[in-house]
2 protein chains.
Amino acid sequence: MASVPTAAQGSSTATPPTRYDKRMAEILAHATEVFCEKGYEGASMRDLSRATGMSLAGLYYYFESKERLLFLIQKHTFTTIVARLKKRLEHLGDPEERIRIFILNHLEYFLANQAAMKVLSHEAEVLKNGFGTELAAIKREYYRICVGLLDELKHSRGLDFSTRIAVLSLFGMMNWIYTWHNPRVDADPASTAREMGDIFLCGVANGRKAILKKTDFNSRRKESSNGNHNAACKR
Amino acid sequence: MASVPTAAQGSSTATPPTRYDKRMAEILAHATEVFCEKGYEGASMRDLSRATGMSLAGLYYYFESKERLLFLIQKHTFTTIVARLKKRLEHLGDPEERIRIFILNHLEYFLANQAAMKVLSHEAEVLKNGFGTELAAIKREYYRICVGLLDELKHSRGLDFSTRIAVLSLFGMMNWIYTWHNPRVDADPASTAREMGDIFLCGVANGRKAILKKTDFNSRRKESSNGNHNAACKR
DNA sequence: ACTTAAATCGAACGTTCGTTCGAACTTTTG
DNA sequence: CAAAAGTTCGAACGAACGTTCGATTTAAGT
């Protein structure tokens, strides 16, 4: 057995990928497609065997179980998207801009790796015990980053909204994309990210206060008195 | 065999539910829970047998296949939510108000029938051929209603945004709720619907135009010239 | 070239799957 | 109460499931 048998991909150290690593990555890629199309439970090891061109028994040289295979796919996908996000967020910026970076990073990766992200979103609950908790930790970290970004925005502009609902609504908008996005019909990731960012950012910028009916100028004047906040919402 | 053997529930005519109908509804309810917990593929007929207290063979007196069982659950759930929506939309109202009715109807039903709605959302792709197309028709109708409501809003306020992206973002926000909503932590449906409505409505009311950075007053004045629109966004 | 280790495979294991069938039980009908 | 219809069940079917094992083939080290 070559290199580190449990690694799904070349590590962060500059170790060149061995034959084992490359084959592993190949299998992971094919398995991702199969899981995406048929679902984790619906996909059989024989389906994976067919898709990879490797014998049924041969697969078990790389994975000790079907469950661990799903785990490796999900972990690699999630780790990658978090790593990319952190890199992009290193350059400081306006809170609004940072949230737009978050959305863009998510959607870009989502649409470039649609199968993997669908497997991540759609099979989020099937992993139990050890696998489940390790993945939940990454998920929580990603969630916390988004919460942090929104809280920045909140404090810097004196906004008032439920961070929890906002974050989860945003994830909903973004993750649901795997059910409808069609590259032949829908715009590129950057445009989609901008449109979703427009909707979301304007929404939270106005917080939980009731949205006023048209031509109701009276109470609007009263509420919008304090300074230069909420510019995100005005055209 | 009693009454209409293919009916999942009492029909719209005032026929009193037979013994068959009641047992059928019981089984559907239990099956919904099982499908919700283990997924359609992950749930076995033996799981359903255990949950309903009926023998394995006995189930097949009510359903000709596991696939049809899922179909009946999904069809009943979807039909009900569409029917309720139509009833609520009979009373005309402001476009904004009508969209809020749409959101409230969806979330109320979602949270009151969380298991059924998770099965509807999460197992949306597993039904093929005949079952799939019949369900897709209901789904399309529901989708079209939402498109219609948004177009009303668009025209009545002279807005400019991508209806497709807006509708699908809204569905994402709403449907994702099955992954996170916890009745012990999260507010009641009405509050959640209002918060999501705030975010969404304010977002689309400002359309695709770039959101301006704080304290950028110059171009804002230029864009917000035409009349009393977009009140939905101002506090 | 020969040895050793890595990689792959065919064949099979025991289990569980969805579904069927005829017999038995229960309720309704005459 | 007997007959008919409606309902439930135990037992079994063949197929497909995830996984294992010993043997075989391929690549690496010397």
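Below, chain A is the first sequence line, B the second, and so on; all start at residue 1. On a predicted model such as this, the values are computed, not experimentally measured, just so you know.
- Ionic pairing of R144(B) and E141(B) is not present here: no N-O contact between side-chain nitrogen and carboxylate oxygen is shorter than 4.0 angstrom.
- When distances run from any side-chain atom of K66(B) to the nucleotides dT8(C), dG18(C), dT8(D), the shortest one goes to dG18(C).
- If you take OH of Y62(B) and C1' of dT20(C), they are 18 Å apart, rounded to a whole angstrom.
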**Request:** For DNA chain C, just give me the dot-bracket, please: Watson-Crick or G-U, both distances below 3.5 Å, ( ) intra-strand, [ ] crossing earlier pairs, | paired with another strand, . unpaired.
**Result:** |..|||||||||||||||||||||||||||
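- Between the OH atom of Y20(B) and the C1' atom of dA5(D) there is a distance of 15 Å, rounded to whole Å.
- Taking the charged nitrogens against the carboxylate oxygens, E37(B) and K118(B) have no contact shorter than 4.0 Å, which rules out a salt bridge.
- For S44(A), a side-chain nitrogen or oxygen approaches OP1 or OP2 of dC17(D) to under 4.0 Å.
- Nucleotide dC17(C) holds its P atom 11 Å from the OH atom of Y60(B), rounded to whole Å.
- Residue E64(A) contributes atom CD, which lies 10 Å from atom P of dT19(D) at whole-angstrom precision.
- Annotation: of the two residues near DNA chain D, A43(A) and A57(A), the 5′-most nearest-nucleotide partner is A43(A).
- At the heavy-atom level, R46(B) lies under 4.0 Å from base atoms of the strands shown.
- Salt bridge annotation for E195(A)-R164(B): absent, with no cationic side-chain nitrogen under 4.0 angstrom from a carboxylate oxygen.
- Atom-to-atom, NZ of K22(A) to C1' of dA7(C) comes out at 15 Å; the value is rounded to the nearest Å.
- With rounding to the nearest 0.5 angstrom, the CG atom of L149(A) is 9.0 Å from the CD1 atom of I101(A).
- Going from atom CZ of F63(A) over to atom C1' of dG18(D) covers 15 Å, rounded to whole Å.
- In this model, the phosphate group of dT8(C) is approached by a side-chain N or O of R23(A) to a distance below 4.0 Å at OP1 or OP2.
- Salt bridge status for R194(A) with D188(A): absent, with no side-chain N to carboxylate O gap under 4.0 Å.
- Between the CG atom of L59(A) and the C1' atom of dG18(D) there is a distance of 11 Å, rounded to whole Å.
- Minimum interatomic distance between L150(A) and A166(A) (heavy atoms only, all atoms of both residues): CD1-CB, 3.8 Å.
- L69(B) has its CG atom 14 Å from the C1' atom of dT19(C), to the nearest Å.
- N113(A) and T77(A) form no side-chain donor-acceptor contact under 3.5 Å, judged by distance and modelled atom types alone.
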